[in-house]
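Below you'll find the structure, written out as structure tokens, and then a few comments.
Every chain is numbered from 1, with letters handed out A, B, ... down the list of sequences. Below, each value reflects all heavy atoms present in this structure, side chains not excepted, and no hydrogens, waters or symmetry copies. Owing to the predicted nature of the structure, the values given are computational and were not obtained by experimental measurement.
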2 protein chains.
Amino acid sequence: MARPKAQPYHHGQLREALAASGRALLEEKGIRGFTLRECARRAGVSHAAPAYHFASIDDLLAELATRGFQELAAAMTAEAERADGEAVEGGSTSRLVAQGVGYMAFAAGNPALFQLMFSREANRLETPALAAAAEAVRNLHAAAVEAVIPHASGEIKQRMADFAGASVHGFISLLLDGQIGGKDSSRALKARGLSLLSAMAETVVRVAR
Amino acid sequence: MARPKAQPYHHGQLREALAASGRALLEEKGIRGFTLRECARRAGVSHAAPAYHFASIDDLLAELATRGFQELAAAMTAEAERADGEAVEGGSTSRLVAQGVGYMAFAAGNPALFQLMFSREANRLETPALAAAAEAVRNLHAAAVEAVIPHASGEIKQRMADFAGASVHGFISLLLDGQIGGKDSSRALKARGLSLLSAMAETVVRVAR
DNA sequence: TCTGCCTCTTTCCATCGTCAAGATTCGGTG
DNA sequence: CACCGAATCTTGACGATGGAAAGAGGCAGA
């Protein structure tokens, strides 16, 4: 009889449940359509229950963004390591491209969350965890660029990290907003994305040489 | 006595007034903090008055985004023509860079509006006017790239237009979100932006050659 | 002048985020 | 094992919001 009742008074993992239902809700309704009450409803608790786990709705959104950045970092490293394993040539350059692929794939799979992460709506809270998670992603970018041009000056590395991050982020952002490739097939869009990534990587290599 | 009373029953230019107060409100409160009632309040009318001019709050936001795109296009062409006038050399390439400067300057001057324009929150309405205004901006990008590499193939032109648009858009987006150059001076940030623009332009030229 | 239409106000409703108060359960202490 | 404070959740309430409905004010053409 120790097993939990169908609807125990104490949820036990409400914070996790809210993060999960909140994420799904965000993708469904978008940032403006996101409501705390609906989020609580889906988690099976009353509308005021989230208050104990999250100070405000912005606090919950900040948590979602934080987890998004962590997952984004994981997606980038996973794709990069996959490239390391199968690549016979290319090395650090193909790793940079693969990391960009991971970035784009995450954004394409979680468009609303991705938008939240890079909207200042989430950054209003400016929690330390959010800042740290976002910085980790930036560091991944910087490290991948650095590996391609290890002998370049610090300033060149910074400029190229700007460049690489901006290209990848801008492309997928415009794509998700429908500003690029309106009615093209998914296959064609991937080709355009890869084309952009290789142009980006070539530029990084060329400028530093 | 024909002059309008202090608060005539019929506003006369309410649509314009709402667009103006809405724009200011958007920059002040951000997308999530934007409310129709506050917007009406600032225009000096009751909270239900906007209903006749805008079907919904999303419709008003779509109008703001549409005007934003028109203004963005104007800022790009103005900066590009300014560059044409003073440039002794460079020609089409310096024009491409200048157009990017205009793009970034508009975004930096209207961060919340810029974010709205490229958030799918506005695009949910998908009004024809909004689509047309956004397309005009895209065409400006494409035309500037085309002028730099007139002899390239159509596919290369498209890829380079993607590349140019993505770089510029990504950089200023990340900058406005605080993901780039956290505590750098405004001067340093402009230098980084110009550096990115020239790297972008060089890549466009190089790939097509 | 009169009449119909456009514009705006007032009123109302369901929903929202947040707060306060009460109910329930948990973990540790006696 | 009994008890009690703290943590967790529910209920109820408040002001604010977007939108709908109904009515009042003002304009233009017959």
Does atom CD of A:Glu202 have more than 12 heavy-atom neighbours from other groups under 6.0 Å away? yes

Could you tell me whether B:Glu28 atom CD has more than 12 heavy atoms of other residues or ligands within 6.0 Å of it? yes

When you measure from the side chain of B:Glu27 to the backbone N and O of B:Ala112, does any donor-acceptor pair fall under 3.5 Å? yes

Closest non-hydrogen atom pair, B:Thr127 against B:Ala62: CG2-CB, 4.2 Å

Testing the basics here: between B:Ala40 and B:Pro50, what is the closest heavy-atom pair and its distance to 0.1 Å? CB-CG, 3.7 Å

As a test of reading the structure: which of C:dT9, D:dC9, C:dC16 is closest to the side chain of A:Ala49, going by heavy atoms? D:dC9

Roughly how many Å is it from [atom1] in [X] to [atom2] in [N], rounded to a whole number?
X	N	atom1	atom2	value
A:Leu18	C:dG17	CG	P	12 Å
A:Arg15	D:dC9	CZ	P	12 Å
B:Gln13	C:dC8	CD	P	11 Å
A:His53	D:dA6	NE2	C1'	14 Å
A:Lys29	C:dT15	NZ	P	12 Å

Between A:Glu38 and B:Ser46, who's closer to the 5' end of DNA chain C by nearest nucleotide? B:Ser46

Within less than 4.0 Å of OP1 or OP2 of C:dC16, is there a side-chain N or O belonging to A:Arg41? yes

With side chain to side chain contact (heavy atoms under 4.5 Å, CB included) as the criterion, how do A:Phe114 and A:Ile172 come out once you've worked through the C-alpha distance, each side chain's angles and the decisive distance to 0.1 Å? CA-CA 10 Å; A:Phe114 183 76; A:Ile172 194 65; 4.0 Å; yes

Taking for A:Val45 and for A:Arg32 the nucleotide of DNA chain D with the nearest heavy atom, the one nearer the 5' end belongs to A:Val45

Close N/O contacts between protein and nucleotides 19-21 of chain D (under 3.5 Å):
{"from": "D:dG19", "atom 1": "OP2", "to": "B:Ile57", "atom 2": "N", "distance (Å)": "3.1"}
{"from": "D:dG19", "atom 1": "O6", "to": "B:His47", "atom 2": "NE2", "distance (Å)": "3.1"}

